[in-house]
Amino acid sequence: MNGVLNETTNKIHKHEHGRSDFQTTCGATAHVAHEDLRLIPVEQADDANRCGRCFEDGGGY
């Protein structure tokens, strides 16, 4: 599964399937500059915090 990593906050969000760019399930990255976001597999974001809206085991958004 792909995720959108906000490199400023070090938080990973679920990428919204079927959407281009960096759209997330929770919408928290809608106003973040694209240069601060990176699309990566969630499994590779071991050191990132998980978004609580996107992941059951996450905290905050």
Side-chain angles (χ1 to χ4, degrees):
M1 166 191 340
N2 282 330
V4 177
L5 177 65
N6 181 335
E7 293 183 320
T8 302
T9 62
N10 195 38
K11 188 159 298 261
I12 187 83
H13 303 268
K14 281 186 183 176
H15 183 253
E16 189 170 345
H17 297 291
R19 300 293 304 255
S20 60
D21 291 315
F22 299 106
Q23 297 294 321
T24 60
T25 302
C26 67
T29 61
H31 299 290
V32 178
H34 284 195
E35 57 265 8
D36 294 329
L37 302 172
R38 191 165 39 120
L39 189 63
I40 63 169
V42 171
E43 299 80 29
Q44 291 183 3
D46 292 333
D47 62 334
N49 298 314
R50 289 178 175 240
C51 171
R53 292 182 184 174
C54 295
F55 300 97
E56 289 182 14
D57 62 344
Y61 62 89

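Positions are given from 1, in the same order as the sequence printed here.
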* Going from CG on Asn49 to NE2 on His13, what distance comes out if it is rounded to the nearest 0.5 angstrom? -> 10.0 Å
* **Under 3.5 Å: donor-acceptor pair, side chain of Asp21, backbone of Gln23** => no
* Is the backbone of Phe22 close enough, under 3.5 Å, to the side chain of Thr29 for a donor and an acceptor to pair up by distance? -> yes
* Find the distance between CZ (Arg53) and NZ (Lys14) and round it off to the nearest 0.5 Å. => 14.5 Å
* Take Ile12 and Ile40, measure what side chain to side chain contact (heavy atoms under 4.5 Å, CB included) needs, and give me the verdict at the end. => CA-CA 9 Å; Ile12 187 83; Ile40 63 169; 4.0 Å; yes
* Listed partners of His17 passing ring-ring contact (aromatic ring centres under 6.0 Å, His included), at least two apart -> none
* Rounded distance (nearest 0.5 Å) linking atom CE of Met1 with atom CD of Glu43 -> 7.0 Å
* Structure fact -> Taken to the nearest 0.5 Å, the spacing of Glu16 CD from Asn2 CG works out to 13.5 Å
* **Which atom of Cys54 lies closest to which atom of Thr25, heavy atoms considered** => SG-CB, 4.2 Å
* **Chi angles and distances behind the side chain to side chain contact (heavy atoms under 4.5 Å, CB included) call for Asn10, Leu5** => CA-CA 7 Å; Asn10 195 38; Leu5 177 65; 4.1 Å; yes
